[in-house]
Amino acid sequence: MSLTEKLSVLTGAAFVAEGFTADVGAVRMSDRPDLAQFQCNGAMAAAKQAKKNPRAVAEAVVGHLQQNPIFAKIEIAGPGFINLTLTDNALNEHLGAMATDTRCGIAPLVSGQTMILDYGGPNVAKAMHVGHLRTSIIGEALRRMAGFCGYTAIGDVHMGDWGTQIGMVISEFQIRHPEWVYFDESVTSGYPSEAPFAIADLEEVYPFAAQACKDDEARKELALIATVELQNGRPGYRALWQHIVNVSIASMKANFDSLNVHFDWWKGESSVHDLIAPMVDDLLARGFAVKDDGATVIPVAREDDQKEFPPLMLYKRDGAVMYGTTDLATIVERMQSNPSKIVYIVDQRQSLHFEQVFRAAYKTGIAPDSVELIHAGNGTMNGSDGKPFKTRAGGVLRLEDLIESATQKAAERMKEANLAQDASADELAKTAHMVGVAALKFADLQNQRQSDYIFDLDRMTSFEGKTGPYMLYQAVRIKSLLRKAAAQGALPGDKIVLGDADRPLALLLTELPDVVALAMRHYTPHVLCDYVYRLANAFSSFYGNCHILSEQDQMLRASRLRLCAMVLAQLILVLDLLGIDVPERM
RNA sequence: GUCCCCGUAGCUCAGCUGGAUAGAGCAACGGUUUCCUAAACCGUAGGCCGUGGGUUCAAAUCCCGCCGGGGACGCCA
């Protein structure tokens with residue numbers, strides 16, 4: 001239990017004793033550290049309901065708390081704020097339990113529940129670009145957070161591998177290489193195992209085909225036909241498609257590995273193809289799906305809707321499926337894992353689509369009401385003009401180029417500061433990559449998930465301010481300090497001595513469990529970023545004020561080393577939840 | 001046209017279920033190093049929280065209108 005939770009239990013009981021509900025006893029960190037460590041604002045709300053004087057309610061509640069020896073000070077301020085301050089002993093006891101816990105004192109929130117997270121969503125045949133950055137980074141953080149909070153967390157990359165873009169590529173190959181065996185309809189098996197193209201070819205073909213389809217209706221028609229034929233199982237197309245997928249996945253993995261983003265499932269839209277026909281037949285039979293203007297759809301509008309709700313389309317007029325179809329069938333498939341939540345970390349602009357899919361899933365019983373379907377939408381990364389990020393030439397920036405430029409910038413900064421320059425070239429390069437990725441990820445994650453932000457490479461790679469490199473720097477500093485201390489035989493002690501220099505840092509450490517819970521509840525990693533920054537900053541301040549290794553008082557030195565170790569453990573834990581690795585040195 | 005999101009310091013942004021004096025970072029100005037990574041730390045300055053109403057003991061936060069910005073709206077994903 002977190003410290004504020006413990007206190008809330010005490011205060012809640014006091015409110016209950018006065019005839020109120022326990023929930024008004026909620027205690028939180030004080031907004032006014034000059035007055036107290038904790039506060040409870042419930043007296044005002046309780047008094048309002050009971051039509052009593054809030055100060056009198058506060059006084060009655062405080063009456064129940066006063067005998068408790070854990071409080072050093074209890075005061076009522078203003079209209080009825082209850083201000084609480086703990087004795088150092090009580091604080092110490094709580095810290096002691098946290099210090100020895102590998103989870104930094106954070107109990108799991110749930111057990112026996114599965115959360116499936118859908119993020120990344122790269123398209124095969126298409127180079128990954130900056131548009132995939134946010135979903136990947138945020139999704140990875142949420143997957144790690146969920147796992148830590150006790151969920152069986154399953155990350156699914158959910159590739160775009162079954163839609164029109166594939167038809168564009170296949171038809172383009174057919175135009176360019178009509179002689180390929182994949183296009184000979186008299187051949188239905190025994191295709192080569194080697195792909196007749198490399199990733200670079202795909203990356204050239206896709207944009208070319210997309211542009212051609214945009215410019216020419218007839219050309220687009222070819223792509224649509226190829227899409228339907230692929231989905232209907234034309235052997236040559238399937239074989240070619242498999243090459244496209246294989247070649248693409250290799251490239252995706254390189255990008256994701258570089259970003260330290262991982263998946264448990266490498267599924268895609270195509271994975272559920274075989275589930276689609278039975279699903280649609282069933283929905284037609286049960287009357288949920290209807291024919292409409294040649295297409296097959298599920299109406300999802302409700303009478304009390306404030307806006308127009310287009311139906312979810314299952315089959316287009318030409319018989320091809322759309323992403324709503326695969327998304328719905330994917331829920332059918334995912335239900336086999338018995339999830340309690342399915343979370344989609346996908347661009348916020350697709351919120352209507354997900355509302356449609358979710359409605360369809362609930363309405364048809366594909367997802368029972370007990371399963372939470374959540375679109376945790378993300379914003380976009382914009383250029384300095386406030387529009388979705390483009391290169392100077394106006395093109396889309398490839399993800400690997402973005403990572404490379406962040407890494408290079410990090411290397412430059414490290415050189416400027418003459419940092420870790422004695423390391424081997426190999427270690428230097430590795431560290432630069434870690435710093436660059438930390439910069440990129442922290443800059444992304446510290447923004448609210450659903451809002452857009454402006455990309456600024458110089459700012460995010462700075463070692464000053466609220467940046468990834470700054471967090472790493474503080475953590476590495478502690479590692480170095482603890483190494484030096486150990487070399488002198490000085491080890492972290494069991495007892496924490498709470499002086500005025502130590503107490504604020506110690507108090508901050510107790511916040512982490514609440515912060516993690518809050519971040520998980522709302523799927524908001526930026527709450528963790530905010531905390532880890534406050535912690536790094538508070539440590540740096542502490543470090544500046546207290547010279548630890550030269551401390552003559554053995555007890556105090558051991559205590560401060562313990563605090564440092566606890567800070568480090570939290571920094572590493574939280575950064576890990578964010579998907580950021582900390583180097584040994586930098 | 002309908003619906004959704006946003007508008008907080010010069011810039012980029014926090015602000016959880018309404019609560020005490022609205023907070024950070026960057027930029028600006030001033031200070032700190034015989035000492036553990038100064039890539040640091042400390043301090044100063046800077047805001048009718050877009051605007052007009054309403055609810056409340058209490059509103060950046062909740063409700064309504066308006067202005068400004070962004071986005072979504074059936075056969076792409």
Side-chain angles (χ1 to χ4, degrees), chain A residues 23 26 28 30-32 34-35 39 41 44-45 47-48 54 77-81 83 121 123 160 163-165 168 210 213 220 223-224 227 269 292-295 297 305-313 315-318 320 322-324 326-327 346-353 356 377 379-380 382 386-387 413-414 416-420 446-448 450-454 456 459 462-467 469-470 473-474 476-485 488 514-515 518 521-522 524 526-527 529-530 533-534 537 540-551 564 585-586:
Chain A
D23 60 302
R28 62 181 201 207
S30 178
D31 292 335
R32 295 285 305 271
D34 53 319
L35 298 181
Q39 65 180 329
N41 298 349
M44 273 96 73
K48 184 169 188 171
F81 296 104
N83 286 332
N123 295 314
T164 308
Q165 84 273 18
M168 289 181 187
C213 290
K220 186 179 179 187
L224 292 174
T227 306
E269 295 169 337
D292 184 357
D293 198 15
V297 303
D305 281 337
Q306 295 297 305
K307 61 176 169 181
E308 264 186 84
F309 251 96
L312 184 74
M313 185 156 306
Y315 285 132
K316 299 195 291 181
R317 254 196 302 271
D318 67 7
M322 295 183 63
Y323 74 145
T326 54
D327 276 350
V346 180
D347 196 313
Q348 189 63 32
R349 288 173 295 190
Q350 293 190 32
S351 60
L352 177 60
H353 164 73
Q356 291 175 274
T380 57
N382 292 345
K387 303 215 169 103
R413 296 271 165 127
M414 287 168 66
E416 276 167 28
N418 196 28
L419 189 99
Q446 70 161 306
N447 294 287
Q448 292 204 74
Q450 58 273 39
S451 57
D452 302 337
Y453 72 95
I454 294 174
D456 185 337
R459 196 149 67 91
S462 169
F463 285 71
E464 294 166 24
K466 198 172 175 180
T467 68
Y470 175 82
Y473 173 65
Q474 298 304 341
V476 164
R477 236 175 167 190
I478 302 177
K479 286 189 179 188
S480 168
L481 174 64
L482 292 175
R483 268 197 303 266
K484 281 211 164 90
Q488 295 176 16
D514 294 333
V515 169
L518 181 64
R521 186 156 57 242
H522 300 306
T524 47
H526 85 275
V527 170
C529 291
D530 185 67
Y533 175 70
R534 285 193 292 136
N537 204 32
S540 197
S541 180
F542 170 75
Y543 180 87
N545 286 331
C546 308
H547 198 275
I548 296 163
L549 291 186
S550 64
E551 177 56 54
C564 289
R585 301 191 305 138
M586 62 185 272

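Order of the sequence lines fixes the chain letters, A, B, ..., with proteins taken first and strands second; residue numbering starts at 1 for each chain. Owing to the predicted nature of the structure, the values given are computational and were not obtained by experimental measurement.
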Side chain of [X] (C-beta onward), nearest among [options]:
X      : options             : value
A/K48  : B/G15, B/U56, B/A20 : B/U56
A/H526 : B/U37, B/G15, B/A24 : B/G15
A/S480 : B/C41, B/G19, B/U37 : B/U37
A/M44  : B/U37, B/G19, B/U12 : B/G19
A/I548 : B/C36, B/U12, B/A40 : B/C36
A/K307 : B/C16, B/C3, B/U37  : B/C3
A/L481 : B/C36, B/C41, B/A24 : B/C36
A/K466 : B/C36, B/G25, B/C16 : B/G25
A/D31  : B/A20, B/C36, B/C3  : B/A20

A/F81-B/A20 aromatic stacking (under 5.5 Å, under 30°):
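Yes, aromatic ring over the base.
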For A/H547 and B/C36, are the ring centres under 5.5 Å apart with planes inclined under 30°?
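Base of B/C36: stacked against A/H547.
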Any side-chain heavy atom of [X] sitting closer than 4.5 Å to one from [Y]?
X      : Y      : answer
A/Q448 : A/T524 : no
A/E416 : A/F463 : no
A/D292 : A/M313 : no
A/N382 : A/Y453 : no
A/H353 : A/V346 : no
A/P310 : A/Q356 : yes
A/F542 : A/I548 : yes
A/N41  : A/R28  : yes

Compare side-chain N and O positions of [X] against OP1 and OP2 of [N] and report whether any pair is under 4.0 Å apart.
X      : N     : value
A/S541 : B/C42 : yes
A/Y470 : B/C26 : no
A/S540 : B/C42 : no
A/N537 : B/C41 : yes
A/Y473 : B/A38 : yes

Under the 3.5 angstrom rule, does the side chain of A/S462 hit a backbone N or O of A/R459 as a donor-acceptor pair?
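No, A/S462 side chain to A/R459 backbone: no donor-acceptor pair under 3.5 Å.
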Can you check whether A/N537's main-chain N or O pairs, donor with acceptor, with A/S541's side chain at less than 3.5 Å?
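Judged by distance alone, no pair lies under 3.5 Å.
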Write down the distance between [atom1] ([X]) and [atom2] ([N]), rounded to a whole number of angstrom.
X      : N     : atom1 : atom2 : result
A/Q474 : B/A40 : CD    : P     : 8 Å
A/Y453 : B/A14 : OH    : C1'   : 17 Å
A/D456 : B/G25 : CG    : P     : 17 Å
A/N382 : B/C5  : CG    : C1'   : 14 Å

How would you list, by chain and number, every residue that makes a salt bridge (Lys or Arg N to Asp or Glu O under 4.0 Å) with A/K484, sequence neighbours excluded?
none
Does A/Y470 have any ring pair (Phe, Tyr, Trp, His ring centres under 6.0 Å) partners at least two apart in sequence or in another chain, and if so, which?
A/Y533
Ring pair (Phe, Tyr, Trp, His ring centres under 6.0 Å) filter on A/Y543, not counting sequence neighbours, yields A/F539
Within the 4.0 Å limit for protein heavy atoms, which parts of nucleotides 67-77 of chain B are touched? Write it as a string from 5' to 3', B for base, S for sugar-phosphate only, - for none.
----SSSBBSB
Across nucleotides 28-34 of chain B, 5' to 3', mark each nucleotide with B, S or - according to how protein heavy atoms within less than 4.0 Å reach it.
-------
Tell me if the CD atom of A/Q488 is crowded by more than 12 foreign heavy atoms within 6.0 Å.
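Counting other residues, nucleotides and ligands, CD of A/Q488 exceeds 12 neighbours.
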Distance between [atom1] atoms of [N] and [M] (Å, rounded):
N     : M     : atom1 : value
B/A9  : B/A14 : P     : 12 Å
B/G68 : B/G50 : C1'   : 7 Å
B/G25 : B/A77 : C1'   : 36 Å
B/C64 : B/A24 : P     : 33 Å
B/G53 : B/U17 : C1'   : 26 Å
B/C13 : B/G70 : P     : 15 Å
B/U56 : B/G18 : P     : 16 Å
B/C63 : B/C26 : C1'   : 37 Å

Tell me the closest heavy-atom pair linking A/A47 and A/P54, and the distance in Å.
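Scanning both residues completely, I find the closest heavy atoms to be CB-CA, 3.4 Å.
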With heavy atoms under 4.0 Å as the rule, sort [X] into base, sugar-phosphate or nothing.
X      : result
A/D34  : base
A/V527 : nothing
A/A45  : base
A/L312 : nothing
A/R521 : nothing
A/G544 : nothing
A/C546 : base
A/R534 : nothing

Where each residue is assigned the nucleotide of RNA chain B containing its nearest heavy atom, which of A/G465 and A/N545 is assigned the position nearer the 5′ end?
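Result of the comparison: A/G465.
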Mapping A/Q39 and A/S550 onto RNA chain B by nearest heavy atom, which one lands closer to the 5' end?
A/Q39
Kindly indicate whether the side chain of A/N83 and the base of B/A20 share any N or O donor-acceptor pair separated by less than 3.5 Å?
yes
Which dot-bracket string fits RNA chain B when only Watson-Crick or G-U wobble pairs with both atom distances under 3.5 Å count, crossing pairs get [ ], and | stands for a partner on a different strand?
(((((((..((((.....[...)))).(((((.......))))).....(((((..]....))))))))))))....
Going by atom types only, do A/R477 and A/S540 share a side-chain donor-acceptor pair under 3.5 Å?
yes
